[in-house]
Structure formats: C-alpha cells, structure tokens
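Reminder, nothing fancy here: chain letters follow the sequence lines and each chain counts from 1. The model shown is predicted, which means the values in this text are computed figures rather than measured ones.
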Amino acid sequence: MKNIFGFLISVTLGVFIILALANTDAFPEFGSANTDNRVSSQYLIEDNVNDIGSGNIVTAIVVGYRGFDTLGEVTVLFISALGVAFMLSSPKQERLDLKFRPNFMLRVGSKILFGIILVTSFYIILHGHLTPGGGFPGGAIIASSVLLLYLADDKFRSNIKSFKILEGVAGSLFVIIGLLGLVLATYFLQNFLPAGNIGELLSAGIIPIIYILIGLKVGSEIAGIVDNFLTEEESA
Amino acid sequence: MIQYAAIILFVFGLYGLFTNKNVIKMIISLNVMEVGLNIFIISIGFNSDPNSIAPIISSTNQLSSVFVDPLPQALVLTAIVIGVGTTALGLAIAKNIYKTYNTFELDEMEESA
Amino acid sequence: MSAILLIAVPLLAAFLSIMMKKLSSYVLLAVGIFNVVLLLILPDGFVRIGEFNQPLGINLLLDTYSRIALLLLNSLILVITYLNLKSYKTYGTILLLALAGLNGLVLTNDLFNFFVFLEISGIAAYLITTSNKKPRSTFHYLMLGAVGSSLFLFGVIILYAMYGTLNMVGMIRLIQANGNYKEVILPFTLMFIGLGVEAKLLPFNSWVKGVLGNSNTLSGPMIASVYAGSMSFVLGRLITNLFDFQGSLLTVVTIILAVGILAGDLMAFASTKTREILLFSSVAQASIIALLFVNGIIIWAVYLIIANALSKTVMFLVINKATKDIGSDESQDLRGLFIKNILVGVTFTLATLSVMGLPLLVGFKIKLAFLTGLADANHIWLIAIILIASVIEGIYFVRLLVKLWYKGDKEINVSYNFSFKTVFVIIALALLVFGTYSTPLSYLDNSIDTVMEEVNNG
Amino acid sequence: MTIFDIISIVVGAFLLVIAFLAINSKKIINSVLFLSALSMLAVVSFVLMKAPDVAITEAVIGSGLVTALFVFTLLSINRRDA
C-alpha cells in the first residue's frame with residue numbers, strides 16, 4: 001500500500017517539474033529542438049565537418065571538440081575499476097564456486113562465439129568515426145566476450161596482470177597524445193594529423209587512434225571488474 | 001510523451017532511493033534514476049519532423065539534410081559510462097557490507113559504533 | 001606550459017602508477033611539488049583545449065580566484081600526503097586522481113566538464129573514506145554523492161535546452177540577455193541542491209556524520225579541509241557568477257543557510273565526541289561561507305575558506321592521531337591530551353581560537369570584515385544569527401579545550417612525530433602573523449573573480 | 001496521431017510500469033530483471049529518438065554488463081547463505 005502512495009507522490013512531483021518546464025517558453029517542446037539557436041549548429045557547418053573529417057558527428061564531438069570530457073570519462077572508469085579492485089581483491093584469489101555448472105553446449109558454443117564477438121567489437125571500435133559505435137560500446141563488447149569465457153568454464157581466470165598493464169598503457173598513451181598535441185601544435189588534444197576526407201577509414205586525424213585506445217582501456221577495465229566480482233579470496 | 005516519462009522516471013528513482021532500506025534496491029533505484037536522466041537528455045535534442053536523421057554523414061545523407069542535435073548524444077555517452085562506474089563501486093561496497101554485517105537491510109545492521 | 005598540465009600530469013602519473021604500485025606515494029609528492037611550482041609561474045587567462053574556442057570546445061579559466069584555490073588545494077594535499085606517507089601507502093593512485101579531479105573542478109569553465117570532474121573527485125573521495133573501514137558510511141556517502149551529481153546534471157541539461165550552450169561565460173551572457181529570472185529558478189535550485197550535497201550544506205549532508213565521525217589521519221583532513229575548501233571555492237564561483245540569486249530563490253537559499261549555521265553549531269554543542277564537534281563546526285562554517293558568497297562578499301569568504309581549511313587540517317590531524325593511539329574519541333577519554341605535548345596543544349588552541357574568531361588571530365580580522373560587509377548590505381538579522389552561532393561555538397570549543405588541557409583520571413601517552421609538529425607550527429604561525437599584521441589581506445578585493453569581466457567584454 | 005506518437009506513448013507507459021515494478025518488487029532478483037528490461041526499453045526509446053550511438057552503448061552496458069554485475073553480487077550472496 002505504501003508503495004502505491006509513494007508512486008503517487010513521485011508522479012505529482014514529476015508532473016510539477018513537467019508543468020514548470022512546460023510554461024517556460026525558453027524550454028523547447030519535445031521534438032521541436034532546432035539546432036539553429038544552439039552551439040551544435042556550428043558542429044554541423046560544412047567547413048567545420050570537413051576540418052574535423054569524422055563522418056560520425058557525435059564521435060567528432062566526443063573525441064574532437066569535447067575530448068577533455070572523454071579523458072575525464074576514462075578517468076572515472078579507471079578509478080571505479082581501481083576502487084573495485086581495491087575493495088574486493090586480495091593477494092590470493094580463486095574462482096567463486098557457484099552452484100551453476102556450465103553444460104556441454106555452453107562450453108563448446110562459447111569458444112566459437114568468443115571469436116565472433118571479439119571481431120565485432122574490433123569492427124565497432126575501428127569504425128567509430130564512420131558508423132555509430134566507437135570506443136565505449138566496443139570496449140564493453142570486449143568485456144562481454146571475456147564475461148562469456150568466465151561463464152563458459154568455471155575454473156577460467158583471465159590474466160589480470162596483463163589487463164592492468166594494457167589499461168595503464170592505453171590510458172597513458174591517451175594523455176601522451178594529448179600532450180603531443182600541446183607540444184607539436186599549440187593546444188592540448190589538438191588534432192595534429194591530417195583530417196583526410198570524410199568516409200574513409202584513415203580520416204579524422206587522431207580521433208580513430210584515441211577511440212582504439214579508449215576501446216582497449218574500457219575493455220580491460222570492465223573485464224577487471226568482472227574478474228573481481230567473480231572471485232573471492234582463498235577460503236582455505 | 002517519452003520526455004514526460006523520463007522526468008517521472010527520474011523523480012521515481014529519487015523516491016525509490018529514499019524509501020528503500022535494502023542496499024541492492026537502493027543501487028537499482030539509482031540506476032533507474034540515471035536511465036530516466038539519460039532518456040531526458042536525449043529527448044531535448046530530438047527533432048520530430050520526419051526527415052530529420054541521426055547526425056552521421058555518409059554516402060546516403062549529405063550535410064544538407066536536417067539533423068537531430070548531436071551534442072546531447074555525446075553527453076549521454078559519458079553519462080552512461082559514469083553510471084556504470086558508480087554502480088560497480090556501489091556493488092563492491094555492497095559486497096563489503098554483506099561481508100561485515102551479513103545482511104543487506106540497512107536497518108537490520110546493528111549500529112556497530 | 002599551460003594550465004592544462006595541472007590536470008594532465010597527475011592523470012598521466014595515476015595511469016602509470018598502477019603498474020608500479022610501490023612508488024605511487026612518492027610520485028604523488030613529486031607531482032604535488034611540480035603543481036605548486038607550476039602554479040607560481042602560470043599566466044592568467046583562458047586555456048583552450050583542442051584548438052576550438054569557447055562555445056565549441058572546452059576552456060579552462062585561470063585567474064587570481066582559481067589560482068588561490070589551486071595553491072591551497074595542492075599545498076594541502078602535498079602536506080597531508082607527506083604526513084601519511086608511511087601509514088597509507090596504497091592510497092597514492094587514489095590521491096593522484098583526487099588531485100587531478102579537484103584541479104579540474106576549480107579550473108574548468110564548462111558546465112558538463114564540471115559534472116565529470118565532480119564525479120571524478122567524488123569517487124576519489126568515496127575511496128578515501130574506505131580507509132575508515134566503515135562500509136556503511138561510505139555507501140551512504142556514495143549514494144548521496146551520486147544523487148547530488150545527477151541532480152546537478154539535470155539542472156545543467158535544462159539550462160542547455162533553454163540557452164543552447166554549455167559554456168559558463170556564454171550561458172551567463174545569454175541569461176542576462178534573456179532577463180527572465182523566473183525561468184531559471186528550477187535549474188538553479190537543482191544545481192544548488194546537487195552541489196549542496198558535496199559542500200556539506202545542512203539539509204543534504206547526512207553523510208558527514210558517518211564519514212567524518214570515524215575518520216582517520218588521511219580521510220579526516222582530506223575530506224574536512226581539502227574537499228570542503230575546494231567545494232566552497234567552486235560553489236562560490238557558481239553562486240556569484242551563474243546563479244546570482246534574486247527574489248524568492250534568494251530568500252529560500254538564505255533561510256536554508258541561516259538554519260544550517262544555527263543547526264550545525266547546536267549539534268556540535270550537543271555532541272560529546274571530539275570528531276563530531278569538529279565536523280559540525282565545519283558544517284556551520286560551510287554555511288557561513290555560502291552565505292557570504294550569496295551576499296557578494298567574495299574576498300572575505302575566500303580568506304575564511306583558507307583560514308578554515310588550515311585550522312581544520314591542524315585540528316583533525318591532532319584529534320585523529322590521538323584517537324588512533326587511544327582508540328576512542330570521546331572527549332572524556334582525551335582528557336589531559338596536551339599535558340605531555342605542550343607544543344601540539346598550543347598550536348591546536350591557536351587554530352581553535354582562530355576558527356572562533358578571537359582577536360590577535362586572522363579569524364578575528366575575517367569575521368570583523370565580513371560582519372561589516374553584511375552590515376553595509378543591512379542584513380541585520382543575518383548578523384544576529386552569526387553572532388549567536390559564534391557564541392555557541394565559543395562555548396563548546398572552550399569546553400573542549402578545558403577538557404584537553406586539564407588532567408583527567410587516565411594517563412594518556414600520544415606522540416606526534418617531528419613532521420606533524422612542524423606542520424602545526426607553520427600553520428599556527430601563519431594564523432598569528434596574518435592576525436596581527438593584516439595589511440596584506442587588503443591587497444586583493446572582489447575583482448579576483450574575473451568571470452564577470454570575461455562576460456562583459458566578450 | 002502518427003505512428004511515432006502511438007509507439008512513444010506505448011514505450012513511455014511501459015517505462016513507467018517496469019520502473020514501478022523494478023523498485024517495488026519483493027524479491028531482489030525480480031527487480032534486477034526488471035532493471036535489465038528497463039535498459040532494453042531505454043534502448044528502444046533511444047532508437048526512436050534517432051540516437052544510434054547511444055542505443056548501442058546502452059544496449060551493451062545497460063542490459064549486458066550492469067545486469068551481469070547485479071546477478072554476480074546476488075549469486076555470491078546466496079552461496080554464502082546455503
């Protein structure tokens with residue numbers, strides 16, 4: 001009974017916010033957001049798009065114009081993975097013996113599926129600046145392929161040391177590319193490679209390189225988190 | 001309609017966070033709130049006239065066509081992964097809480113100083 | 001040599017330090033020194049990131065206001081890390097990220113980037129509080145912090161939908177041009193609540209009691225002085241430039257803050273645990289600082305933040321070290337703490353007196369100045385509330401000092417090593433010197449925050 | 001009432017119903033499943049609002065990894081009760 005009452009309170013508060021937004025004429029109606037009086041009108045201008053060279057404008061914004069947000073974003077995931085490892089890990093880790101035993105189909109099927117999922121994730125990362133997708137979903141798909149291996153066989157332990165090093169190297173390479181921008185060109189994270197023409201794989205300067213690094217970093221971090229959740233310290 | 005649902009989802013997640021006493025339920029309401037917020041961010045960039053398309057330039061759609069606002073999509077990409085970071089941290093702390101207090105209910109945990 | 005190095009170098013050090021775990025604390029010291037030196041030679045002005053100017057890309061703004069904030073932050077983190085070098089060796093990477101997050105928070109001029117750095121420094125703070133070994137209070141802090149930053153993001157997105165830009169200077173220009181304050185009340189309240197959680201303002205700071213209540217020599221000073229100081233600086237910049245409260249919102253915010261001052265001091269008065277007394281007094285101070293920013297007294301609020309951060313560092317270090325050695329922080333168990341270490345007692349007393357605002361210490365000069373500032377803006381009842389609060393504050397601090405100085409029944413042996421003592425003496429001397437010879441305080445004035453200048457000549 | 005409006009009303013209603021169930025269901029495992037259903041509905045609404053990038057990311061992270069983390073936490077808890 002109390003929950004229904006709570007639901008009504010939140011609905012009334014939500015309706016109050018909706019009405020407050022509705023009668024502020026500066027706030028556009030749902031669906032009538034024209035980009036002319038917004039900053040994104042400049043993202044869609046002909047010469048800006050050619051100057052960045054990335055087909056997918058959202059990727060151009062995420063890594064090109066607002067690359068500093070993405071650096072902050074990668075740091076958030078880095079510190080979460082660090083926190084999870086800090087709290088859950090201990091020197092001697094061994095797999096959680098869950099009541100779930102992978103049957104034969106799962107064990108064989110996952111070996112095949114693992115390759116396919118990995119290839120799709122590389123496809124999504126590499127074409128981040130041409131088609132939807134990019135570093136974040138690509139990295140998450142790599143992590144889900146590692147997760148599949150964990151589910152397929154309950155003694156599997158991925159090599160955590162190599163994930164840590166991959167994560168550290170990819171992160172510091174990202175910052176080093178930024179610093180290169182500062183040293184070679186005049187600003188941090190500036191695009192010092194030629195932008196090329198839109199639609200080609202080798203276009204948009206440092207954006208694909210950064211997205212590959214982000215994909216590897218996100219993949220290794222979430223795989224590390226998955227490993228921390230599926231193991232516990234030696235119960236001996 | 002989706003924008004109104006998103007705002008109510010956000011407020012409902014907020015409400016769920018304050019009334020639930022179970023640690024995992026609180027993390028779930030936090031996620032509900034963040035899903036609502038993400039849908040709201042995308043909804044302010046949406047352009048409902050039929051020939052507006054996703055902001056990707058390829059051989060088919062050139063620059064002349066009407067585009068949906070690309071900036072909120074860039075923001076939501078970041079907000080989703082921040083949500084995952086906070087949830088993973090919350091769950092790790094929940095496992096620690098379970099190890100020390102052996103229960104998920106906040107009021108059942110004896111107030112150990 | 002641009003201001004971006006203040007953020008990029010700690011990040012690079014953090015990413016590299018996970019590969020060599022043992023060196024991370026020493027890397028942190030090197031990066032801290034590098035930041036402080038860099039801060040002394042950096043020019044003022046905007047710093048672009050990725051060759052795009054204001055509305056398209058993200059800019060950092062380094063002016064006297066943020067330079068003072070960064071100097072306070074970096075030097076305090078340097079000192080706290082040096083003092084905790086041996087006992088908290090594994091926290092090097094987390095502290096590096098906290099340093100990068102807080103530097104970014106103070107420097108950035110873009111609202112969404114502000115949200116991202118709010119998350120980074122928030123998560124770093126949750127991990128620092130895990131050193132308290134109390135997962136329940138860390139969880140409470142995590143939940144409230146996540147809710148706070150989501151509310152802040154909700155407010156920022158509504159502002160973006162209305163004005164179409166995420167850049168603070170451009171946003172202020174559009175809000176002034178638009179002129180209709182009724183529209184921005186909802187986003188500003190959401191953003192103020194979101195930041196209120198981190199800045200420990202009263203109705204949203206239920207996490208403070210758990211986190212600081214059982215803090216240690218690392219998490220106590222870090223949360224109570226470094227995070228509180230940076231949050232107050234950042235909240236101040238937003239209040240004076242973006243929010244500049246008017247009409248009904250102004251009265252509501254003033255009432256919340258006034259209640260926060262009184263309630264904070266009353267709760268400190270009522271509690272017997274020394275750490276609780278300190279944390280409630282910093283809650284009251286945070287509300288006073290926010291109140292000063294709301295009334296436009298910027299420079300004295302800045303000095304109050306600095307004086308508070310320094311004296312709270314001393315007080316929390318003294319009490320937390322004593323609690324670690326004795327085991328409980330009840331004021332009864334700490335009786336006669338200062339009998340064997342007179343020097344530490346003297347510096348603790350000076351810091352407490354400065355927070356109370358007694359003459360001969362810098363706290364008095366600041367309190368006198370901001371009370372006259374409030375009087376000019378004839379907020380008489382605000383002055384009354386602050387005076388009542390300082391009377392209550394005087395009572396519970398003196399009661400605490402009496403307990404700590406005079407011998408109790410038990411014999412207490414708490415030792416402070418040499419580096420602790422040097423830090424205490426330096427801070428106490430600074431409080432004394434600036435208290436008596438206070439002309440350098442008048443060199444700066446409200447013009448140190450140049451965001452409004454950028455808006456006008458934009 | 002174009003097709004789009006009908007679909008968006010249906011999706012909006014579903015969102016609210018599943019959020020209500022996710023928060024108020026008795027057993028935790030049910031609310032985790034409802035949360036994953038909520039992420040899938042969010043993916044549908046992102047696709048409706050022409051945001052393909054975000055839809056892919058939310059699909060992989062929202063219903064994929066976040067649900068997996070919740071389930072692992074609950075599994076490690078049940079094992080200890082038994």
Side-chain contact, heavy-atom cut-off 4.5 Å: C/Val147 with C/Val197?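 No, side chains not in contact.
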Do C/Phe245 and C/Phe192 have side chains that approach each other closer than 4.5 Å (heavy atoms only, starting at C-beta)?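 Counting from C-beta outward, C/Phe245 and C/Phe192 do come under 4.5 Å.
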Where does [X] contact chain A at under 4.5 Å (heavy atoms): side chain, backbone, both or neither?
| X | result |
| --- | --- |
| C/Ile128 | neither |
| C/Ile120 | both |
| C/Ala124 | both |

Please look at [X] and chain C and tell me whether the side chain, the backbone, both or neither of the residue comes under 4.5 angstrom of a heavy atom of that chain.
| X | answer |
| --- | --- |
| A/Phe86 | side chain |
| A/Ile61 | neither |
| A/Leu179 | side chain |

Quick one: list whatever passes ring-ring contact (aromatic ring centres under 6.0 Å, His included) with [X], sequence neighbours left out.
| X | value |
| --- | --- |
| A/Phe30 | B/Phe46 |
| C/Phe188 | C/Phe243 |
| A/Phe68 | C/Phe117 |

Validation row, ring centre C/Phe152 to ring centre C/Phe114 under 6.0 Å: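 Here the rings of C/Phe114 and C/Phe152 have centres that are less than 6.0 Å from each other.
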Do A/Phe188 and A/Leu71 pass the side-chain contact (heavy atoms from CB on, under 4.5 Å) test, and can you show the C-alpha distance, the side-chain angles, and the key distance before you say yes or no? CA-CA 11 Å; A/Phe188 186 73; A/Leu71 181 62; 4.0 Å; yes
[atom1]-[atom2] distance between [X] and [Y], expressed to the nearest 0.5 angstrom:
| X | Y | atom1 | atom2 | answer |
| --- | --- | --- | --- | --- |
| A/Ile176 | A/Leu182 | CD1 | CG | 13.0 Å |
| A/Leu147 | A/Asp227 | CG | CG | 11.0 Å |
| C/Ile4 | C/Leu62 | CD1 | CG | 11.5 Å |

When A/Val183, A/Val74, A/Ile79, A/Val175 are compared by non-hydrogen pairs under 4.5 Å with chain C, the top option: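 Looking at each option in turn, the highest pair count goes to A/Ile79.
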Below 4.5 Å, heavy-atom pairs only: which of C/Ile185, C/Leu5, C/Leu186, C/Ile158 has the largest tally toward chain A?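 When all of C/Ile185, C/Leu5, C/Leu186, C/Ile158 are compared, C/Ile158 has the most.
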Picking from C/Leu159, C/Leu11, C/Val47, C/Ile94, which has the most non-hydrogen pairs under 4.5 angstrom with chain A?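 Winner by heavy-atom pair count: C/Leu11.
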Using only distance, no hydrogens or angles, which N or O donor-acceptor pairs sit under 3.5 Å between chain A and chain C?
| from | atom 1 | to | atom 2 | distance (Å) |
| --- | --- | --- | --- | --- |
| A/Val39 | N | C/Gly164 | O | 2.9 |
| A/Ser40 | OG | C/Tyr160 | OH | 3.4 |
| A/Tyr43 | OH | C/Leu56 | O | 2.7 |
| A/Arg66 | NH1 | C/Asp110 | OD2 | 3.3 |
| A/Arg66 | NH2 | C/Asp110 | OD1 | 2.6 |
| A/Arg66 | NH2 | C/Asp110 | OD2 | 3.4 |
| A/Phe188 | O | C/Gly50 | N | 2.7 |

